S.K.: 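I'd like to ask some things about the structure below.
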Amino acid sequence: MKRYKDLDPLLHSQLRLAVMSILISVETADFTFIREQTGATAGNLSIQIGKLKEAGYIEVTKKFRDNYPQTKCRITELGRERFNEYVSALKDYLNQR
Amino acid sequence: MENGEKIMTGEESFRLITEMINRTKVNIRNSSFHYLFWGWLILACSLAEYILWKFIGAGSHWYVWFLSIPGVFVSMIYGYRTGKKERFHTYADNIYVWTWMAFLIAAAVLFIISSGRMQFVAPLILTLAAVPTFLSGFIIKFRPLIFGGITFWIFALIARFAGNEISALTVPVAMLTGYLLPGYMLKRKVDHEKV
């Protein structure tokens, strides 16, 4: 039986969950796209992406395209597992109420 | 979204997940270019072949189809360039691209194994071209392409059984229903969504 506090704290916050929800349904997404979809500021998004990367939930690659830096994000297998666990924990929690 | 640490209720979490996933639906992008480019190219080649066969009686009228080789490069370069500019790639995008690559390879193999018996190629190519067209319609959820694929199968049957004269004209007509009409409709849809 899941309790609310059992939800992965790394995912159970607005911006990080939004980032993971975008990445779960695409193969790759670039930083600008994620920023536009989430409406977050570049600084805040960088910090949250850094936390997800540090936890091994996403991979981040940086390249140059037409002389401009391009940051691409991709969900990892671990990230996918954690996201699925989070969703099923959330379902359990909501069903219990 | 201002704060990554903002804690949500369970309902808010579900709403957020659904909303974000909905924003990354299959990207139909500029694929109309390929339908229009190939629709016109094949229509031109098939009409040129018909005219050569009908009025000049050239024995090697099917040589016009060699024009499709530079067409492959144009399509691939365009696809590569636009793909690089895309800000996200979905798994469906990959299936879409590889469905067409598989068709390309199958068509090339078919041409090679049919050399010397080119009169049988039209119904076979139409049958083959119907598959990626039909599937693309499902992948990008665009019904005119599904119908376009079905018309290819119908024209393939006509091409096989209707006699030389009509058979020769099935390919250009099939291009109108299978590529050009859905291609222009797709272009209009994409342009409309951009506004």
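Residue numbers begin at 1 in each chain, while the letters A, B, ... track the order of the sequences. Everything numeric here is computed off the predicted structure, so don't read it as measured data.
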S.K.: Is it the case that one hydrophobic cluster holds both B:Ile69 and B:Leu43, taking links as side-chain heavy atoms less than 4.5 Å apart, direct or via other members?
M.R.: yes

S.K.: Name the option with the most non-hydrogen atom pairs under 4.5 Å to chain B; the candidates are A:Cys73, A:Ala29, A:Ser21.
M.R.: A:Ser21

S.K.: Flag yes if B:Ile77 and B:Leu36 sit in one hydrophobic cluster, no otherwise; membership is Ile, Leu, Val, Met, Phe, Trp, Tyr, and two members link when side-chain heavy atoms are under 4.5 Å apart.
M.R.: no

S.K.: Assess whether atom CD1 of B:Ile166 is packed by more than 12 heavy atoms of other residues, nucleotides or ligands within 6.0 Å.
M.R.: no

S.K.: Do B:Asn94 and A:Glu27 touch side chain to side chain, with heavy atoms closer than 4.5 Å?
M.R.: yes

S.K.: Does B:Leu126 belong to the same Ile/Leu/Val/Met/Phe/Trp/Tyr cluster as B:Leu157, with side-chain heavy atoms less than 4.5 Å apart forming each link?
M.R.: no

S.K.: Just how far is it from atom CE of B:Met20 to atom CG of A:Leu23, taken to the nearest 0.5 Å?
M.R.: 11.5 Å

S.K.: With clusters defined by side-chain heavy atoms of hydrophobic residues (ILVMFWY) lying less than 4.5 Å apart, directly or transitively, does B:Met175 cluster with B:Phe147?
M.R.: yes

S.K.: Tell me, for A:Val19 versus chain B, whether the close heavy atoms (under 4.5 Å) come from the side chain, the backbone, both or neither.
M.R.: neither

S.K.: Find the distance between CZ (B:Arg87) and NZ (A:Lys72) and round it off to the nearest 0.5 Å.
M.R.: 11.0 Å

S.K.: Distance from A:His12 atom NE2 to B:Thr9 atom OG1, nearest 0.5 Å?
M.R.: 7.5 Å

S.K.: Would A:Tyr86 and B:Ser13 count as a side chain to side chain donor-acceptor pair (under 3.5 Å) here? Give the steps.
M.R.: CA-CA 10 Å; A:Tyr86 175 83; B:Ser13 294; 3.0 Å; yes

S.K.: Looking at chain B, which one of A:Arg74, A:Lys91, A:Gln70 has the largest number of heavy-atom pairs inside 4.5 Å, strictly under?
M.R.: A:Lys91

S.K.: State, to 0.1 Å, how close B:Phe88 and A:Val26 come at their nearest heavy-atom pair, and which atoms those are.
M.R.: CD1-CG1, 3.6 Å

S.K.: Do you reckon B:Phe33 sits in the same ILVMFWY cluster as B:Phe73, going by side-chain contacts under 4.5 Å, direct or chained?
M.R.: yes

S.K.: Let me confirm one number: the CD-CG distance from B:Glu12 to A:Leu90, rounded to the nearest 0.5 Å.
M.R.: 11.0 Å

S.K.: Within a radius of less than 6.0 Å around CZ of A:Arg80, do more than 12 heavy atoms belonging to other residues, nucleotides or ligands occur?
M.R.: yes

S.K.: Atom CD1 of A:Ile22 and atom CD1 of B:Ile17: how far apart are they, to the nearest 0.5 Å?
M.R.: 12.0 Å

